[in-house]
Amino acid sequence: MAYRKESNPISSGDAGVGEVAASLPEGLTEQDLVEIYAKTVLARTMDERIWALNRQGKVPIAASSQGHEAAEIGSLLAAQKDGRTFLFPYYRDLALKMTAGLTATQVMLSFMGKDGDPYSNGRQFPLQGADLPRNIIQISNVVGAGLTQSTGYAFACKMLGDDTVVLCYFGDGASSQGEAHEAMNFAGVHRLPIVFICENNHYAISVPQRLQMAVEDVASRAAGYGFPGIVVDGLDFLEVYATTREAIGHARTQGPVLLEMKCERLMPHTTDDDDRRYRPPEEIAEVRGRDPVARLGEYLIDQGFLTPDRVEQIKADALHEVDAATDAAEAANPPDVRTLFDAVYPS
Amino acid sequence: MAYRKESNPISSGDAGVGEVAASLPEGLTEQDLVEIYAKTVLARTMDERIWALNRQGKVPIAASSQGHEAAEIGSLLAAQKDGRTFLFPYYRDLALKMTAGLTATQVMLSFMGKDGDPYSNGRQFPLQGADLPRNIIQISNVVGAGLTQSTGYAFACKMLGDDTVVLCYFGDGASSQGEAHEAMNFAGVHRLPIVFICENNHYAISVPQRLQMAVEDVASRAAGYGFPGIVVDGLDFLEVYATTREAIGHARTQGPVLLEMKCERLMPHTTDDDDRRYRPPEEIAEVRGRDPVARLGEYLIDQGFLTPDRVEQIKADALHEVDAATDAAEAANPPDVRTLFDAVYPS
Amino acid sequence: MTERSVIEAIRDALREEMSRDPSVFVMGEDVGRRGGVFLATQGLIDDFGEDRVIDTPLAEASIVGMALGSAFRGMRPIPEVQFSDFIWPTINQLVGEAARACYGSNGALQVPMVVRVPYGGGIRGGLFHSQNVESLFFHTPGLKVIVPGTPYDAKGLLKSAIRDNSPVVFLEHKKTYRLVRGEVPDDPYILSLGQADIKRQGGGITVVTYGLMLHYCLEAAALVAGEGIDAEVVDLRSLCPLDKETVLGSVRKTGKLVIVHEDNITGGVGAEIAALAADEVFEYLDAPIARVCGPDVPTMPFAQSLEDAYMPNTEKIADALRKQAAY
Amino acid sequence: MTERSVIEAIRDALREEMSRDPSVFVMGEDVGRRGGVFLATQGLIDDFGEDRVIDTPLAEASIVGMALGSAFRGMRPIPEVQFSDFIWPTINQLVGEAARACYGSNGALQVPMVVRVPYGGGIRGGLFHSQNVESLFFHTPGLKVIVPGTPYDAKGLLKSAIRDNSPVVFLEHKKTYRLVRGEVPDDPYILSLGQADIKRQGGGITVVTYGLMLHYCLEAAALVAGEGIDAEVVDLRSLCPLDKETVLGSVRKTGKLVIVHEDNITGGVGAEIAALAADEVFEYLDAPIARVCGPDVPTMPFAQSLEDAYMPNTEKIADALRKQAAY
Ligand SMILES: Cc1ncc(C[n+]2csc(CCOP(=O)(O)OP(=O)(O)O)c2C)c(N)n1
Ligand SMILES: Cc1ncc(C[n+]2csc(CCOP(=O)(O)OP(=O)(O)O)c2C)c(N)n1
Ligand SMILES: [Mg+2]
Ligand SMILES: [Mg+2]
């Protein structure tokens, strides 16, 4: 874990991190990794399919997780192992939301705006709304709005004396919003059980990091709120897992952590975007070579946890699952027009 | 200048600061100090009178500068000596606004909401609006709103290639607003010619600093925006003057500085407030002993720049001036009711 | 029955609901030891502690955003916006997020939150301590908007609002806080949200109003009664849900409609009342629909002379009634 | 004359004004290399450089707050809010500050700023990329609010807005961007702010509308013309200043009024139009005033079926015209 940098270091007695690169991080088995790899591949396959369906006019809009999978699924796995977390993800978190437990068909229904979309039943952009059975809220895709909400959620957990830790996800772009400041400041004052996770892919749509901030690391802001800021390689599944695990522990007992995961956006911003307008071709090419899913697969083969054949099988299974989901969602009904007036107010 | 602390140190070649406590800061003469002392006393006398007039029902509302005079007038003097600055003060800046050149009568007209109020002609709370002849804008008393405006002003100065430096004043309370973050972040990205001056009196009305932030110094946030943050003793006129001077120079050539001046609020928040509801009596007593105006007077006597008699004369002159202003303002007319509809749009 | 001021009634409601339900809490600037700048929360910190009476940093967007988040965890937050004029930074969380959380999650999320907002002028507040802000909220499906005018209504409606599972904007006219006093039952009671109240019966002209203006309308109605003008004064109390039936029923009876509010006229709540009448009871109308409202300037100025010129008052309302009667 | 789309007309206006006046500049998220998400600013960075085409951080409040500050220094900023749905964080700077800077400084400050805002639905934008946000701005004295519906109007009005010394909210319906094309003069022209335009003459029913709905109204009018219904279509174009005279003059002529907008009905702009008519031309009215508007739900959902159910369309408008004609 050479990458990891700390400002205002985390004051945890947790050993092991940074020293045991060769062995698995605490709490993780070979079996876990194989299972999570299959889920990662499924998410990637879904992500690619959705993009293709957009080109066919069947999915109006999609944001891709490609390049963010290690950050999302690695941190999710830490949360799931912990078992007492609540998540506020953002719109680029298909891989996370899917791995959290939605079926492929449910995901596809959401992307097509069909009846049965578990987040909003077709009212919102894909996977926006809430998935309470899986402890996820993302009311909207308004950038930055989730930070104060998740802070308030964490505050309520503290008031109620339960031991939930909130994970709040956002991009580098969102870090510029005033509410990011307000949320972190309050979380610091009350030492709330929250981990702020910035998936920094160096772009807010087309705006590069140099026009967004004068610092290298969003995590450097944590010092101004009185809590630790940590930078990790967001393409490295194990580093993400281990650091998130540690951050959750810290948050539960000592207060907030700002965890910055350096990711890459392998695709354009959304299906509506053409990144060639603003990203040099060399950069696009270079970045697409830095694929966290491929990296995880290679690692698992290297370690002997998977054979290349098994990897191919996993990919084939994923494709099959996504095919079936596509068919099911295409055949599904649109939401009934009479639902237009439902739930303006709670019933 | 033992007090001064720097985070992310200012990179100025300017010598002298911190080394010449015994002699006067660069650019300042004995004559300057005597003149500015007279203005400081005038501002204090005005401030006390306004409070008294409020109790008589003649001034509906006032916020007092008492305890902030060294910060306000010291930094203003640095700006005036520089000669190429533009100011965005806030509502507690009576001492600054007055010393910037308003007559005592103009100030009084403003506090009474009379015709002739130079800031808004009676539309706004006292001294809110604009005083363009003296390079001052404060559109409103909405806390925090001036930070992005002043940043935009500095951005325009940079675009136009002039060499104005903007001074933006705000309290510790305002530092919690999202726009404080947005403003500083943008100023950092574009290295704008702006000095952010936080008059930290440790309270936002009744809310103490410990409930506002988890850090000791607002200035510690500057590192997260890539520019210097400096803490000075805001009760020390000379330290304020010298550091502001240096910060203006830095801002003009290298970009923003966040200057935090530790002040004390000697009075309740406004004439509507009763600070005994939330401030321990010992604290109130202790704080009222730390009077920057008295301190400046003692210093000038110590240094032999003024005699005690001269000080008494200055006070008597101030009282006389304020008496005359009070009479003039009381005799003045209210704004003509026909002006209600003026200037909704520019003419 | 005990005589209470509006501010006392609000304080009583807060205290009773906080005692009744541990998930109710208040948060905002200066709500703690200071007791709020208007003392609405005075004493609550002594009774319920720092954990349920939260002095927040000065950051309105987060006050509402965090309240919203806490509601998702099952709390019933009562964030206070110190003055209505400072509500603008909360609009994204309030109008963009809270109002749609239920709809946008297809009913999965509920937002039992009451945003308390001291508003309104006539108190030398100038441009930034006097605003009427109801029209945006009135226009936002998903919110409820309550505007009480009396201590009785304030208490009963605030208690209901706190028990409601929708986000409620609860608008308290600052000038009524101490000025308006009235009888309040000693026993617990609540008033359901969404019912207008006919505060004065009459057969000649319907006057629709709310908030501080209710009192000026009642005064004006009393003033012109001696001239043979028989006004019925409908106090909306709740802007959303809007009690269309009571309003339109009254217009059906009187055939004449005057709408009174302090907010500036163009695009105000009064426009909707007029539009509803001009559509749904058109055939009953015997006269043009009149509005007595603030003029289209950016809120009332600070100077007494200018503030008086802005404010609708008893005399201006009485004149409108006379004109309407003579039509 | 050349045929242009709305987005092309807007781009032309920006380019012409930036060429004409060096104090004009654009700022916003992605307005630079990306050319804006709708390509309204495409190519400007090549012609005018990074200094006048500013890609900002993702922080709307500061985009407007900084634009305002730059206007005080004599610039003429054109901040873009990427989607109307994200305008809420700017409200304090826009409604609280910019709209009152002139009034609150007794005329000392001017704000020559145009906030460009792509808005509106019918493009599968769902709850957070479809909003109609005009009503709050319409209700705010100190702002001007422009809502063009055609390329000709968009160009001429945007150029005037840029030259105006008041803060202008310039609302561009996203669905018109590429869908609506029309002739635009090759020679420079401007259109003055505050004048409605009668887009179709008729003597039977007045239809008042703006934005995308203009086109549906024209279609509906054409549709029912064959049935002997003679509708006059008034395109407001400017909500503030509001051209009351053109609207009321038309109603005086026709005696019947239908108001059409996409925004949800309660408290929308249509309410004010109805209220004005019910007051000032009451005696000319031969029928109840009808409104065809979005329903009171939080903006249009994402699913095609639900979006269609939300949107006013030609058929719904034609039905209202028929009903009005039959009254
Ligand atoms: C408040 C707001 N402003 C603008 C947008 C439009 N928008 C959507 S995503 C985005 C960029 C976000 O960048 P970042 O936070 O870095 O996330 P990323 O997409 O890179 O993962 C923008 C500008 C929005 N959804 N919300
Ligand atoms: C946006 C906003 N919120 C609340 C207020 C009410 N208010 C006025 S001053 C103040 C406290 C400000 O504290 P600080 O910034 O520290 O300045 P100080 O008064 O201590 O100098 C508050 C809450 C306001 N004017 N504007
Ligand atoms: Mg990004
Ligand atoms: Mg303070």
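Atom set for the values below is all heavy atoms of this structure, side chains included, hydrogens, waters and symmetry mates excluded. Because the structure is predicted, anything quoted here is derived from the model rather than measured.
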- Query: What residue, out of C:I54, C:V31, C:L58, has the most heavy-atom pairs lying under 4.5 Å from chain B?
  - Reply: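 So the answer, after comparing C:I54, C:V31, C:L58, is C:L58.
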- Output the option from C:P57, C:P295, C:G126, C:P89 having the highest count of non-hydrogen pairs under 4.5 Å with chain B. C:P57
Rounded distance [0.5 Å steps], [atom1] in [X] versus [atom2] in [Y]:
X      : Y      : atom1 : atom2 : answer
B:E72  : B:M98  : CD    : CE    : 12.5 Å
B:I61  : C:I123 : CD1   : CD1   : 9.0 Å
B:F111 : C:F302 : CZ    : CZ    : 8.5 Å

- Query: Non-hydrogen atoms of chain B under 4.5 Å away: do they reach the side chain of C:V37, the backbone, both or neither?
  - Reply: side chain
- Message: Report which part of C:L39 has an atom under 4.5 Å of a heavy atom belonging to chain B: side chain, backbone, both, or neither.
- Response: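 It is the side chain, since no backbone atom gets that close.
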- B:E264 (side chain) donor-acceptor with B:V287 (main chain) under 3.5 angstrom: no
Could you report the tightest heavy-atom contact between [X] and [Y], atom names first, then the distance?
X      : Y      : answer
C:F170 : C:A154 : CZ-O, 3.6 Å
C:P298 : C:L127 : O-CD2, 2.9 Å
B:A219 : B:L258 : CA-CD2, 3.7 Å
B:A183 : B:L147 : CB-O, 3.5 Å

Find the N and O donor-acceptor pairs between chain B and chain C that sit under 3.5 Å apart.
| residue | atom | partner | partner atom | Å |
| --- | --- | --- | --- | --- |
| B:G122 | O | C:F302 | N | 3.4 |
| B:G122 | O | C:A303 | N | 2.8 |
| B:R123 | O | C:F302 | N | 2.9 |
| B:Q177 | NE2 | C:E60 | OE1 | 2.9 |
| B:S206 | N | C:D30 | OD1 | 2.8 |
| B:S206 | OG | C:D30 | OD1 | 2.6 |
| B:R210 | NH2 | C:E50 | OE2 | 3.2 |
| B:D273 | OD1 | C:R34 | NE | 2.7 |
| B:D273 | OD1 | C:R34 | NH2 | 3.4 |
| B:P335 | O | C:S305 | OG | 2.9 |

- Task: Report the residue from C:V147, C:V145, C:V117 that forms a side-chain contact (heavy atoms from CB on, under 4.5 Å) with C:F137.
- Result: C:V145
- Note on the structure: So, the part of B:M112 with a heavy atom under 4.5 Å from chain C: the answer is backbone
- Note on the structure: Of the listed B:A174, B:A180, B:G113, the one with the largest count of heavy-atom pairs under 4.5 Å with chain C is B:G113
